[in-house]
Amino acid sequence: MQDTYRHKGLRKQLIESLRQKQISDEAVLRAMDKIPRHIFLDSSFLEFAYQDKPFPIGSGQTISQPYTVAFQTQLLTIKKGLKVLEIGTGSAYQASVLAEMGAKVYSIERQRKLFIKTKAFVQQHLPYKLNLFLGDGNDGLPAYAPFDRILITAAAPEIPQPLLDQLKPGGIMVIPLGAGDQQDMLRIIKKLNGEIIHEQHGAFRFVPMLGNIGND
Ligand code: SAH
């Protein structure tokens, strides 16, 4: 898939608009400047790829708005080599941003159709080694735990205890919490002594996190 000067130019404008919305982590902005978001969208949406908006990716799901991706990634304070668990692979755009920043990415998607489509896309078109799993993100990945960072990209009605257990002491979890049509962006810090700190970072809208695996 092509990444033309036009795409690159639109991407620069998007990065500038993120800066104006107080995204200041240069590593996040660099990663998002590098990744051609348009290849993650269906071709009919190509022209919208560099607007700061969410878009449908099939199976009733969306690729998160660039600002939301940037905001969540900034809250995570990603450094090279950190082991990151993402819940809600979707298009794998967010996972790619994490991988571009040097994280070792593990990501879970519960929708089989989307999982298969995204896995094939990643293998064909992306330079990153993403560890993708089909399953219920509420359970995390006990076999690969603990994680330095955990990122939930769907609205969680509550904080899943297994995820909290799989977070390393000194680790950070970012989770949009709330069952209604708006969520509180929560940053949870597990201190080295195990103490848990909650920080609130504003209101966002996410598609709901669902439980058991559908056949869709
Ligand atoms: N991070 C994605 C966008 C996420 S949209 C991207 O960059 O494109 C939220 C995703 O979470 C959807 O794909 C949805 O199917 C998935 N999801 C919902 N509930 C889930 C669960 N319990 N476990 C894993 N994934 C879930």
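Heavy-atom basis, side chains included; hydrogens, waters and symmetry copies ignored. All ligand and atom numbering here is 1-based and tracks the order in the structure.
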Exercise for the section: Looking only at distances, please establish whether an N/O atom of ligand 1 is found under 3.5 Å from an N/O atom of M209. Expected result: no
Practice task
Could you find the nearest protein heavy atom to atom 17 (N) of ligand 1 and give me its residue, atom name and distance?
Solution key: R110 CG, 4.0 Å
Problem - Close N or O approach (G137, ligand 1; < 3.5 Å) - result: yes
Exercise for the section: State the atoms of ligand 1, each with its element, that fall below the 4.0 Å cut-off from a heavy-atom position in V207. Expected result: 5 (S), 9 (C)
Practice task
Tell me which part of A95 gets within contact of ligand 1: side chain, backbone, both or neither, using heavy atoms under 4.0 Å.
Solution key: neither
Problem - Check: S91 side chain, F40 main-chain N or O, donor-acceptor pair, under 3.5 Å - result: no
Exercise for the section: Would you confirm whether K53, through its side chain, and Q65, through its main-chain N or O, come within 3.5 Å as a donor-acceptor pair? Expected result: no
Problem - Identity and distance of the protein heavy atom lying nearest atom 8 (O) of ligand 1 - result: S91 OG, 2.7 Å
Problem - Element-labelled atoms of ligand 1 that are located less than 4.0 Å from some non-hydrogen atom of E86 - result: 1 (N)
Completion exercise
Checking heavy atoms under 4.0 Å, the part of Q61 that sits near ligand 1 is side chain
Practice task
Would you mind reporting whether T62 and V207 have side-chain heavy atoms less than 4.5 Å apart?
Solution key: yes
Problem - Other residues, nucleotides, ligands: >12 heavy atoms within 6.0 Å of K34 NZ - result: no
Practice task
In plain terms, say whether D148 and K104 are close enough for a salt bridge, that is, a side-chain N and a carboxylate O under 4.0 Å apart.
Solution key: no
Practice task
Can you pull out the closest protein heavy atom to atom 7 (O) of ligand 1? Residue, atom name and distance to 0.1 Å, please.
Solution key: Q94 N, 3.0 Å
Completion exercise
Within 4.0 Å of some non-hydrogen atom of T89, the atoms of ligand 1 are 1 (N), 2 (C), 6 (C), 8 (O)
Exercise for the section: Check for a donor-acceptor pair, side chain of E86 on one end and backbone N or O of V105 on the other, with a separation under 3.5 Å. Expected result: no
Practice task
Using a strict 4.0 Å cut-off to heavy atoms of I87, name the atoms of ligand 1 that fall inside it.
Solution key: 23 (N), 24 (C)
Handout entry: Exercise: do E109 and T118 side chains pair donor with acceptor under 3.5 Å
Key = no
Practice task
Determine whether the side chain, the backbone, both or neither of L114 has a heavy atom under 4.0 Å from any heavy atom of ligand 1.
Solution key: side chain
Exercise for the section: Kindly compute the distance separating CG (D181) from CZ (R205), expressed to the nearest 0.5 Å. Expected result: 5.0 Å
Practice task
Answer yes when D136 and R110 have at least one side-chain N-carboxylate O distance shorter than 4.0 Å, and no when they do not.
Solution key: no
Completion exercise
Ranked by distance from atom 21 (C) of ligand 1, the top protein heavy atom is L210 O, 3.4 Å
Practice task
For atom 11 (O) of ligand 1, find the nearest protein heavy atom and state the residue, atom name and distance (0.1 Å precision).
Solution key: G88 CA, 3.2 Å
Problem - Pair E16 + K21: basic N to acidic O under 4.0 Å - result: no
Handout entry: SB check D3 R11 (cutoff 4.0 Å)
Key = yes
Problem - ligand 1 contact by P208, heavy-atom criterion under 4.0 angstrom - result: yes
Problem - Close-contact set for ligand 1 against G135 heavy atoms, below 4.0 Å - result: 23 (N), 24 (C)
Problem - Protein contact of atom 15 (O) of ligand 1 - nearest heavy atom, named by residue and atom, plus distance - result: E109 OE2, 2.6 Å
Exercise for the section: Would you mind finding which of T62, L151, T68 brings a heavy atom closest to atom 3 (C) of ligand 1? Expected result: T62
Exercise for the section: Inspect the contact between D42 and K117 and indicate whether a charged nitrogen and a carboxylate oxygen are less than 4.0 angstrom apart. Expected result: yes
Problem - Protein contact to atom 4 (C) of ligand 1 [nearest heavy atom, distance to 0.1 Å] - result: T153 OG1, 3.3 Å
Fill in the blank from the handout: Taking only non-hydrogen atoms of N138 and a 4.0 Å limit, the atoms of ligand 1 in range are 22 (N)
Handout entry: S64, any N or O under 3.5 Å of ligand 1 N or O
Key = no
Problem - Side-chain donor-acceptor contact under 3.5 Å, Y50 with H38 - result: yes
Exercise for the section: Decide yes or no for S59 and K113: does some side-chain heavy atom of the first lie under 4.5 Å from some side-chain heavy atom of the second? Expected result: yes
Exercise for the section: Using a strict cut-off of 4.0 Å, indicate which atoms of ligand 1 neighbour a heavy atom of I63. Expected result: 8 (O)
Exercise for the section: Could you tell me whether some N/O pair between I57 and ligand 1 is separated by less than 3.5 angstrom? Expected result: no
